[in-house]
Amino acid sequence: MQQKITRDGFASKFGVLVAAAGSAVGLGNLWRFPYMVGENGGSAFLLIYLFFMIVLCLPVLIAEFVIGRRAQRDVIDAFNVLAPRSAWKGIGIAGLCAALVILGFYCVVGGWTLAYIGKSIFSLPTTLPGDYYAGTFTSLITSPVQPLVWCALFIALNAFVVSSGVKNGIERYSKILMPILFVMIVVLAIRAITLDSDMKGLRFLFQPDFSKVTGATFLAALGQAFFSLSIGMGAMITYGSYIPKDSHLVKTSIGVMSTDMLFSLLAGLAVIPAVFAFGISPAQGPGLVFVIFPEIFSKMPMGYVLEILFFTLLAIAALTSSISLFEVLVAWLVDAKKLSRRVAMACVTVVVGVLSILASLSLGMLPNISLFGKNLFNFFDSFSSNILLPLGGLFICLFVGWRMKPADVRDELTNSGNIRLPLFGCFRFILRYITPIAIAVIFASGMGWLQI
Ligand code: PHE
């Protein structure tokens, strides 16, 4: 296998795990998951999400790592190397587009998190009327300049980390930031549960009610699972290409998936019980954590400090994820277009900047910027999670299951025969049949093409 000696990579196995988990854990878990659970009726959505994570997403994650580490290339060249002159590289092209679409709204929300750090530092520790918080959120996201300035700052932070490279940038920062994040969210979850004295929130989260479940709920849960695990668009192919040859891909994948699920659960536990404790509707949409948390903090002892901590945590989580999205695009420009990391990052910054400006303005100043009846922000969000990622995941499974040589796949999974892998046949069967068919059925029923 052709390999570039100078290629940057992760320095340690722990670094790999932390960086990949850092990519997975982000706004998807802490901002998107709670409001999706709230909008989709709670426990049933949560259970379907957890089930999909284990049964469908884990095989896709392993498949992405296999492709990445085998090819040692960026997301497009990986397919060129493993399947020369074939249409499979379309998966890579779709992945690059998905990275841009996701970054187009992700950086806007990343900007909101920074804005809220600022707001929480300068907020007055007094009790304000209930609608004050919703009003503050709406006025932030609809203002013409403020969200753009914060978004620019968020993109600048990304540029700083990504242009420092894999070992010095991504790995170093993820290693410090992820554990801090974990401790913070555990503290918040404990606090929220103790607030929820009559356990309404916990019942909403854990007492299954399948009566409102539709095909759209399944697709939403699948999209959420893909989004929160960063799969279906090549982020994990790119990170896979930096994984050392002695890392255990299956164990790493299980570690990343468990960490990601844990964070989503903790985020649900930190948000939903608190929402019920204060008698607020859980179906608030994208504003949920931004509207609810400041209000909750204002009614809590030490709320001032906790609020600053929480939004810092959210911003850190967003950053360790968005750098992996930028990295997909930067790695391609560096590997395939031979640009330096800095120039590559500058090019990507310009494109993402324009998309983010349009997405942000579509929430306020320019509501006419819409596609398929949705403002651009919501369109980017649902188009990526419900369409691009599941379809990307489906083709990634087909590629590893049908196109890659079984011997090559086995070689990657066993580190050239150095580790045992008892269920290889079973894994291959899942990749060839179960996962692609399941994704196709969920996709078709979610789009309303299939009645089940
Ligand atoms: N998983 C990230 C999150 O939860 C988002 C993401 C999606 C990152 C796809 C990379 C690729 O916030």
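Ligands are counted one by one from 1 in listed order, and the atoms in each one are counted from 1 as well. Keep in mind that what you see is a predicted model, and the values were worked out from it rather than measured.
Using a 4.0 angstrom heavy-atom cutoff, Phe226 does not count as in contact with ligand 1.
Among protein heavy atoms, the minimum distance from atom 12 (O) of ligand 1 is reached at Tyr106 OH, 2.4 Å. Atom 5 (C) of ligand 1 has its closest protein heavy atom at Phe227 O, 3.6 Å. Among all non-hydrogen protein atoms, the one lying nearest atom 4 (O) of ligand 1 is Ala24 O, 2.8 Å.
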Would you sort out whether Phe263 and Phe182 count as a ring-ring contact (aromatic ring centres under 6.0 Å, His included), showing the intermediate values? CA-CA 8 Å; Phe263 269 95; Phe182 183 78; 5.6 Å; yes
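Of the candidates Ser23, Ala21, Ser385, it is Ser23 that places a heavy atom closest to atom 2 (C) of ligand 1. When Leu30, Ile102, Leu325 are ranked by how near their heavy atoms come to atom 11 (C) of ligand 1, first place goes to Leu325.
The pair Asp381-Arg32 meets the salt-bridge criterion, since a charged nitrogen lies less than 4.0 angstrom from a carboxylate oxygen. Under 4.0 Å is where a charged nitrogen must lie from a carboxylate oxygen, and between Glu327 and Arg341 at least one such pair does. Of the charged side-chain nitrogens involved, at least one lies within less than 4.0 Å of a carboxylate oxygen, so that Lys245 and Glu412 count as a salt-bridged pair.
Every atom of ligand 1 is numbered from 1 in the order shown, and the set under 4.0 Å from a heavy atom of Gly28 is 3 (C), 4 (O), 12 (O). Atoms of ligand 1 found under 4.0 Å from any heavy atom of Asn29, numbered from 1 in the order shown, are 4 (O). For ligand 1 and Gly26, the ligand atoms under 4.0 Å from any heavy atom of the residue are 3 (C), 4 (O), 12 (O). Near Ser228, meaning under 4.0 Å from one of its heavy atoms, ligand 1 places the atoms 1 (N), 4 (O).
Remark: of the listed residues Phe399, Phe395, Phe79, Phe399 is the sole one forming a ring-ring contact (aromatic ring centres under 6.0 Å, His included) with Trp88.
With a 4.0 Å cut-off on non-hydrogen atoms, Arg32 does not touch ligand 1 at all. Both the backbone and the side chain of Ser230 come within contact range of ligand 1, each with a heavy atom under 4.0 Å.
Residues Phe443 and Trp449 bring their aromatic ring centres within 6.0 Å.
Of the possible polar contacts, none joining the Tyr239 side chain to the Val328 backbone as a donor-acceptor pair under 3.5 Å is found.
Ring planes of Phe137 and Trp112: perpendicular class, angle over 60° (limits at 30 and 60°).
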